[in-house]
> 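Take this structure, written in structure tokens, and hold onto it; I'll ask about it next.
The shown structure was predicted, so the numbers you read here are calculated from the model rather than taken from an experiment. Reminder, nothing fancy here: chain letters follow the sequence lines and each chain counts from 1.
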Amino acid sequence: MDLYRSHILVCAGTGCTSSASMEVRDNLKKEISRLKLDKEVMVVETGCFGFCNLGPIMVVYPEGTFYCQVKPEDAKEIVEEHLLKGRIVSRLLYSEPESEIKVSDFDKIEFFNHQKRIALRNCGVINPEKIEEYIAHDGYFALAKVLNEMTREEVIDVIKKSGLRGRGGGGFPTGLKWEFAYKTPGTVKYVVCNADEGDPGAFMDRSVLEGDPHSIIEAMAIAGYAIGAEQGYIYVRAEYPIAVNRLEIAIAQARELGLLGKNILGKDFNFDLDIRLGAGAFVCGEETALLTSIEGHRGEPRPRPPFPAVEGLWRKPTLLNNVETYANIPAIILNGADWFSSIGTEKSKGTKVFALAGKINNTGLIEVPMGTSLRTIIYDIGGGIPNGKKFKAAQTGGPSGGCIPAHLIDTEIDYDNLIALGSMMGSGGLIVMDETDCMVDIAKFFLEFTQEESCGKCPPCRIGTKRMLEILEKITQGKGVPEDIDNLETLARTIKNASLCGLGQTAPNPVLSTLKYFRDEYEAHINDKKCPAGVCQALLTFYVIAEKCKGCGICARVCPVAAISGKPKEPYVIDSEKCIKCGACIEKCKFGAIVKM
Amino acid sequence: MVTFKINGQVVKAPEGTTILEAAKKMGIEIPTFCYDSRLKPHGTCRICVVEVEKAKSLQAACSTPIAEGMSIWTESEPVVEARKEILNLLLSNHPLDCLTCDKSGNCTLQALCQKYNITGSTHQGQKSRYERDESNPFYYVDLNKCILCRKCVLVCSELQCSDAIGVADRGFASHITPPFEKDIEHSNCVSCGNCVAVCPTGALVPKRKEKFSYGEVQIVQTTCPYCGVGCQMELLVKNNKVVEVRPVFAKPNDGLLCVKGRFGFNFINHPDRLKKPLIKKNGTFVEATWEEAYQIIVDKIKEIKEKYGSDALAGLASARCTNEENYLMQKLFRAVIRTNNIDHCARLCHASTVAGLATTLGSGAMTNSIAEVLDADVIFVTGSNTTETHPVIGAKIRQAIRHNGAKLIVAEPRRIDLAKDADVFLQIKPGTNVALMNGLMSVILEEGLYDEDFIRNRTENFSELKKIITAFSAEKAAEICDVDVQDIRKAARIYAAGEKGAIYYAMGITQHSTGTQHVMSISNLALLCGNIGKEGVGVNPLRGQNNVQGACDMGALPNVYPGYQKVNSPEVQEKFEKAWGFKLSPNAGLTLPEMLEKAENNELKLLYIMGENPLVSDPDINHVRKALENLDFLVVQDIFLTETAQLADVILPAVSFAEKDGTFTNTERRVQLIQKAIKPIGDAKPDWVILMEIMDRLGYKKEYLHPSEIMEEIAAVTPQYGGINYFRIKQEGGLQWPCPTKDHPGTKYLHQGHFTRGKALFMAVDYQQPAENADEDYPLILTTGRILYQYHTRTMTGRVEGLNKKAPESYIEIHPETANKHKIEDGEIIRVISRRGAIFTKARVVDIVNKNIVFMPFHYAEGAANVLTNNTLDENCKIPELKVCAVKIEKIEI
């Protein structure tokens with residue numbers, strides 16, 4: 001094996017590649033070649049580091065120097081300065097948001113050092129396209145361990161004792177699920193991986209698949225051994241081309257080494273995997289819809305019971321877990337149930353990956369122990385709210401979840417606490433909102449999504465979400481009436497209570513939780529025809545503060561509908577009848593003389 | 001058993017019972033839209049939600065099984081709130097035009113809104129807008145009224161298995177549509193109306209000729225008058241008119257019907273119906289009284305009998321009429337006129353089945369039941385275009401494939417619709433089935449795939465079969481049948497590997513000059529693999545007409561009395577002489593083709609035809625015409641002035657199935673009731689009444705007050721029907737013969753334990769060529785058959801507008817290459833010529849036939865296929881070779 005004095009790890013996840021990390025890589029290689037450092041420095045493509053808003057990201061080892069927002073043209077400087085002369089390129093270092101202190105050491109960055117990485121253990125560490133690197137990081141050891149040392153019952157027992165719960169959102173105890181699938185009699189059983197990640201802004205599963213595909217393959221093989229299945233399917237969105245490609249490579253490599261296929265590791269155990277591409281319907285993340293889609297039908301849910309563990313894919317007992325759930329399995333097998341259950345809270349063990357987004361300084365992917373407070377996530381890892389704005393609420397669980405208001409910021413995040421607050425863990429989307437976000441508008445946004453993504457099978461979801469959305473639209477347009485809140489609540493109750501699947505049963509959550517914590521905002525929209533956050537256009541009026549206006553006339557010139565008039569050097573006036581509330585005038589006014597209310 | 005509570009009441013039910021089923025058993029009604037007991041619960045409509053204590057949310061009663069200790073509330077406050085809100089939501093996207101809606105009074109949405117006191121929707125919002133699809137002649141689609149319960153889609157794809165409709169788009173925009181958003185007429189729709197039957201709202205509604213509301217109709221259950229499946233259906237009657245037909249959820253059709261049964265009823269009240277007896281005077285028909293007509297008939301019968309003897313008279317009974325009427329018809333000829341010259345159109349369809357299976361098994365009927373189609377794991381269809389000729393059985397075959405994974409083998413000269421469902425499709429040359437069967441058997445013997453135990457214990461003459469088959473080979477069969485030898489091998493292996501292999505066949509097997517051999521070779525194959533005498537298997541001849549089984553059972557055959565008791569047996573003769581009080585003839589009578597031959601030769605003087613139309617249905621029509629014209633006297637008794645009736649001297653107006661009581665026996669030997677729904681049209685009379693009155697005038701004084709009294713007489717003389725009476729039929733939903741005694745439950749499948757003849761007989765047969773083969777003068781082989789949208793000689797379907805729109809005229813299917821050779825284009829009128837005649841018909845250029853084969857439906861009197869067909873007979877059973885004749889085609893030069 002060749003030895004190198006330096007390794008440059010370049011993120012090859014979807015986020016960084018879309019901001020040209022592959023060009024950065026190419027240029028690095030070119031520069032290294034030019035300076036004849038080929039035998040000394042190796043460039044490695046890795047999975048996602050998680051710090052996605054700073055992409056492209058790279059780390060230079062052995063120093064552990066973290067460079068961010070690297071452009072292809074920076075490659076020359078990095079190679080010449082850092083790799084040749086040993087001088088850190090400080091302009092490419094990360095600076096902490098509040099203190100603006102530059103940090104060069106990867107381990108010392110706040111965003112990273114509060115995290116605990118189990119599911120993401122190999123992301124940003126290994127080259128996901130090389131099975132050897134996975135194996136070098138203890139990959140497939142867990143599979144070897146179960147095949148050589150453990151009975152099927154023992155495997156299930158470890159998973160049960162670990163306290164791992166489904167990371168797709170439901171939080172069902174994983175070991176129990178495995179046990180059901182194991183106990184259901186049948187000669188043909190299936191193991192399925194739900195990689196149909198659909199929550200807007202969520203990309204936990206994509207990152208695992210892109211950064212560590214073998215961990216999923218290994219976990220599914222372990223599951224196949226445990227329940228007695230010989231075939232598995234990974235249902236992954238076609239919109240994840242990098243993930244699909246890396247999975248294909250990984251499956252081929254695993255087959256080649258005999259880690260998939262017949263007589264795995266020389267044992268009497270056969271297991272193989274195939275990929276099934278989803279076409280992007282959100283509902284296909286619901287387990288029965290996902291199975292229906294794999295079967296080749298329109299992806300729509302079917303009633304439960306029968307649960308998939310009893311009657312799943314092609315009516316055979318089927319174990320279905322989400323990507324992140326599987327990603328934890330090899331670690332649990334290798335380190336033991338006690339190790340895993342020592343992390344987290346009483347009822348929620350281990351860690352959880354979140355996709356941080358919204359009004360927050362550090363957006364990206366994080367993995368924290370269960371029980372970490374919202375405050376730690378937002379202020380320590382997330383670096384707080386930008387532009388000095390006030391934190392207003394955090395939405396967890398994506399469109400099926402709810403909003404947690406600012407006064408509950410010290411809530412320890414786990415499955416049960418979130419449910420108690422009227423939200424849910426979901427797959428791990430975490431959207432931060434500040435004072436400029438209108439909660440009615442937020443609820444409308446999520447309902448627009450679920451309404452659009454409803455498969456249309458059952459009336460509560462098909463018509464109910466439509467009617468809820470129509471009411472919200474009315475309210476945000478200033479046409480709301482007091483009964484609308486009652487109507488929303490009745491509709492929400494029926495949709496939750498009577499819908500066929502999880503999509504419908506949780507679709508009203510964003511409305512219910514905002515009604516619970518921000519009812520006054522709804523009332524302001526309905527009764528006062530005001531949007532307190534200044535978001536709902538129809539409820540806003542633009543006007544000029546005469547004292548501040550210098551009469552420069554620039555606002556009048558940019559107004560597309562000639563709604564602003566006045567004489568030079570005198571205060572201008574906005575005709576609210578004509579104003580279309582586009583905001584162009586506010587943007588252009590140098591004196592802050594135009595406001596909306 | 002599981003113990004649980006519903007509405008506080010403690011009950012027990014078997015594990016796996018759903019809440020809905022359990023509640024229903026207790027008499028607790030839970031509303032449903034999307035539930036259908038024939039489908040797997042799909043939980044779509046949510047109106048059946050109930051409260052289950054400790055459950056997170058409400059549970060759908062249709063799909064949730066009861067569990068130990070469960071406590072269920074079916075009308076609690078949250079349940080009622082959810083149901084009301086669901087109705088409120090549905091109504092918010094539904095027109096409120098109940099006053100003029102065709103479905104009013106029969107609409108589940110309307111009924112539930114009434115129940116839960118919903119008078120309108122509280123929601124204002126977007127409503128869906130769809131154009132009404134009127135493209136189908138029989139029903140319209142109004143998606144504005146659709147509540148998307150999906151029953152139509154599931155019935156179409158899982159029960160009818162036509163896949164004509166599905167769901168497009170999602171969320172609020174989702175809607176039911178044929179593929180690619182075309183109209184329903186441009187889809188796979190076969191107009192069965194089974195979707196219409198389950199639609200809970202006014203989204204799928206039959207088109208109406210008469211305005212009516214569901215509140216004002218009488219509903220009468222009866223049996224479908226078309227094919228031999230014997231579907232149960234309801235006639236909806238208003239003002240002595242049948243205004244709609246609906247399927248009944250019972251055996252044998254389980255709520256399915258085909259286009260003819262469901263929509264082909266307008267012939268009943270059609271203005272063309274015969275309303276008065278007609279007597280031909282100087283070449284034209286003149287209306288007469290019944291008395292006048294009877295007088296002429298009775299005088300003629302007496303006169304001819306006296307002058308030429310009883311055997312100069314003959315009668316054709318009818319596969320369309322009831323058992324009771326066929327019984328009386330044969331009794332009129334046997335007992336009163338004293339001749340066995342009685343036959344009917346079974347001669348042209350399953351005479352070879354009756355002869356062949358009687359020889360090999362001892363009984364010439366379908367061995368197993370229609371419901372057992374679903375038990376088979378291998379289905380072999382040959383000589384039957386099942387989805388068109390027996391649509392409901394065709395649907396069940398597809399259900400067996402789709403739901404139970406049954407394998408399908410199809411052997412047919414045309415690539416019929418079922419071929420696409422087949423694991424092996426053998427596109428054989430017409431008339432080569434014996435070679436195919438022998439080829440299949442040679443593979444099975446060669447590879448040792450036969451059922452040795454069965455052969456040893458239950459059959460005889462195996463060595464004879466072995467001799468003939470070993471001299472034959474799959475390769476030879478492939479050459480004769482013009483198919484790939486590997487396909488023959490594959491088919492043989494599939495059939496032999498099946499636990500339960502069931503064969504279904506029809507006219508493609510029987511209508512040959514070697515028809516009996518064809519049937520026997522099918523019997524051989526089934527016996528070889530032990531596929532007779534148990535559930536889900538069998539040799540299953542599909543009978544073509546509603547009561548052709550019954551007409552045969554009733555002895556409307558020249559050689560047997562009712563119950564297949566031989567006329568040449570002295571004991572039998574004595575039994576009937578005693579029962580009827582008349583001296584009877586010991587000689588077998590004439591078969592139908594023989595009657596025509598004798599008529600042409602002046603040996604037969606009088607023919608009495610009840611409900612048949614040989615001038616379209618029989619081979620070599622020119623010959624039939626000559627024969628009928630040569631008669632001294634022809635009586636035709638029918639509901640319309642048929643082609644045959646026009647040649648009659650006296651026409652007697654009979655009533656349709658809707659105007660009388662009686663029984664039909666379907667293809668699975670099930671005796672079922674037809675019930676009078678309307679009063680006779682005009683002066684028409686039920687056939688049994690006419691026959692009774694003629695017998696009376698001929699000196700046989702016996703008055704039956706009701707057909708049930710005739711059935712009592714039938715039961716007394718017919719062992720298979722010994723335990724059958726009207727009360728039991730009604731009570732038990734039909735009875736399958738043999739049912740020898742009143743406490744016998746009827747027989748689901750034949751030959752259990754032992755065969756009717758003791759041991760089954762292998763009848764080894766060699767392949768023989770059809771009587772006529774393609775040659776230089778007549779280079780094409782014509783084969784004929786039925787199509788979905790017409791029935792037999794169109795006496796009934798020809799009067800149904802929609803059916804004629806679907807299938808308006810005679811046509812011939814020609815392979816594109818053959819058409820090209822003759823410069824014939826699709827849709828062109830061409831001339832088709834055989835040794836017996838020539839016709840004009842429309843070319844349909846399709847590749848479902850092979851290059852040297854052409855196909856014609858035989859229904860049409862204009863461009864009648866039977867002008868061309870060959871009347872060479874099978875010498876055993878006298879069935880003509882309708883399925884194979886040599887023809888040539890000519891382009892018409894202008």
Side-chain angles (χ1 to χ4, degrees), chain A residues 281-284 288-289 292 297-306 310-311 314-315 419 448-471 473-474 483-484 486-487 490-507, chain B residues 16 18 33-34 40-51 55-60 62-65 67 78-79 81-94 121-128 147-150 153 157 166-176 403 405:
Chain A
F282 178 65
V283 74
C284 287
T288 60
T292 312
H297 302 289
R298 179 184 159 93
E300 284 185 340
R302 44 198 198 212
R304 296 182 310 178
V310 175
E311 201 182 304
W314 293 296
R315 298 198 192 176
I419 296 279
E448 249 164 32
F449 178 83
T450 36
Q451 191 266 146
E452 182 80 17
E453 292 292 341
S454 164
C455 75
K457 189 168 174 179
C458 72
C461 182
R462 180 181 69 241
I463 315 175
T465 56
K466 172 85 176 167
R467 298 296 175 238
M468 280 185 85
L469 177 63
E470 285 168 343
I471 294 172
E473 280 168 346
K474 239 174 67 181
E483 302 88 85
D484 285 340
D486 287 345
N487 270 340
T490 312
L491 276 166
R493 221 170 22 245
T494 301
I495 297 168
K496 273 178 86 84
N497 242 337
S499 288
L500 170 60
C501 81
L503 193 161
Q505 286 163 12
T506 57
Chain B
T18 63
F33 286 118
C34 74
K40 220 173 131 56
H42 50 112
T44 300
C45 78
R46 316 309 291 171
I47 200 74
C48 73
V49 287
V50 292
E51 187 179 352
K56 259 197 328 204
S57 56
L58 300 175
Q59 302 290 304
C62 68
S63 62
T64 309
V79 169
E81 185 194 47
R83 288 196 192 140
K84 282 184 151 185
E85 191 54 35
I86 291 169
L87 292 169
N88 188 5
L89 286 170
L90 290 173
L91 227 50
S92 76
N93 191 29
H94 191 96
S121 182
T122 59
H123 301 294
Q124 288 107 36
Q126 192 192 331
K127 282 194 173 195
S128 310
I147 58 165
L148 282 154
C149 74
R150 313 258 180 122
V153 174
S157 58
V167 183
D169 288 341
R170 41 179 206 200
F172 190 74
S174 60
H175 59 281
I176 311 294
H403 306 317

> To the nearest 0.5 angstrom, please state how far the CZ atom of A:Arg467 sits from the OG atom of B:Ser121.
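With rounding to 0.5 Å, CZ (A:Arg467) is 7.0 Å from OG (B:Ser121).
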
> What part of B:Asn88 lies closer than 4.5 angstrom to a heavy atom of chain A: side chain, backbone, both or neither?
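It is neither, since no heavy atom gets under 4.5 Å.
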
> For B:Val79, is it the side chain, the backbone, both or neither that has a heavy atom under 4.5 Å from a heavy atom of chain A?
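When you check distances to chain A, no heavy atom of B:Val79 falls under 4.5 Å.
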
> If every non-hydrogen atom of B:Ala82 is compared with every non-hydrogen atom of A:Ala498, which pair is closest and at what distance?
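Of all heavy-atom pairs spanning B:Ala82 and A:Ala498, the closest is CB-CB, 4.4 Å.
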
> Tell me, for B:Ala67 versus chain A, whether the close heavy atoms (under 4.5 Å) come from the side chain, the backbone, both or neither.
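B:Ala67 has no heavy atom closer than 4.5 Å to chain A.
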
> Has A:Glu470 got a side-chain atom pairing as donor or acceptor with B:Gln126's backbone, closer than 3.5 angstrom?
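Flag set: sc A:Glu470 to bb B:Gln126 pair under 3.5 Å.
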
> Measuring from atom CD1 of B:Ile86 to atom CD1 of A:Ile495, what distance do you get when rounded to the nearest 0.5 angstrom?
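Reported to 0.5 Å precision, the distance equals 10.0 Å.
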
> Quick check for you: among A:Lys496, A:Glu483, A:Gln505, A:Glu453, which has the greatest number of heavy-atom pairs under 4.5 Å with chain B?
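Highest number of pairs under 4.5 Å: A:Glu453.
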
> Side chain from CB out, backbone as N, CA, C, O: work out which of these in B:Glu51 comes under 4.5 Å of a heavy atom of chain A, or both, or neither.
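Neither part, no heavy atoms under 4.5 Å.
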
> Any non-hydrogen side-chain atom of B:Glu81 less than 4.5 Å from a side-chain atom of A:Arg493?
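The answer is yes; the side chains approach within 4.5 Å.
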
> Got a sec: does the CD of A:Glu452 have more than 12 other heavy atoms crowding it under 6.0 Å?
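Atom CD in A:Glu452 is not packed in, count stays at 12 or less.
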
> To the nearest 0.5 Å, what is the distance between NZ on A:Lys466 and OG on B:Ser92?
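Answer for the NZ-OG pair, A:Lys466 versus B:Ser92, is 10.5 Å.
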
> Output yes when a side-chain donor or acceptor of B:Arg46 lies under 3.5 Å from a complementary backbone atom of A:Ser499, and no otherwise.
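Looks like yes, one N/O pair under 3.5 Å.
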
> B:Leu148 vs A:Lys457, test: side chain to side chain contact (heavy atoms under 4.5 Å, CB included). Steps then yes/no.
CA-CA 7 Å; B:Leu148 282 154; A:Lys457 189 168 174 179; over 6 Å; no

> Side chain, backbone, both or neither: which part of B:Lys40 has a heavy atom under 4.5 Å from chain A?
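Side chain of B:Lys40 only, per the 4.5 Å heavy-atom cut-off to chain A.
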
> Under the 3.5 angstrom rule, does the side chain of B:Arg170 hit a backbone N or O of A:Arg462 as a donor-acceptor pair?
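Looks like no, no N/O pair under 3.5 Å.
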
> Taking atom CG of A:Leu500 and atom SG of B:Cys45, what is their separation to the nearest 0.5 Å?
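A:Leu500 CG to B:Cys45 SG: 10.5 Å, rounded to 0.5 Å.
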
> Roughly how far, to the nearest 0.5 Å, is NZ of B:Lys56 from CG of A:Asn497?
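Taking CG in A:Asn497 and NZ in B:Lys56, the distance rounds to 11.5 Å.
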
> So for A:Thr494, is it side chain, backbone, both, or neither that comes closer than 4.5 Å to the heavy atoms of chain B?
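Side chain only.
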
> Rounded to the nearest 0.5 Å, how far apart are CG of B:Leu89 and SG of A:Cys458?
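Taking CG in B:Leu89 and SG in A:Cys458, the distance rounds to 10.5 Å.
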
> Mind checking whether A:Arg298 and B:Ser174 have side chains closer than 4.5 Å, heavy atoms only?
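The answer is yes; the side chains approach within 4.5 Å.
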
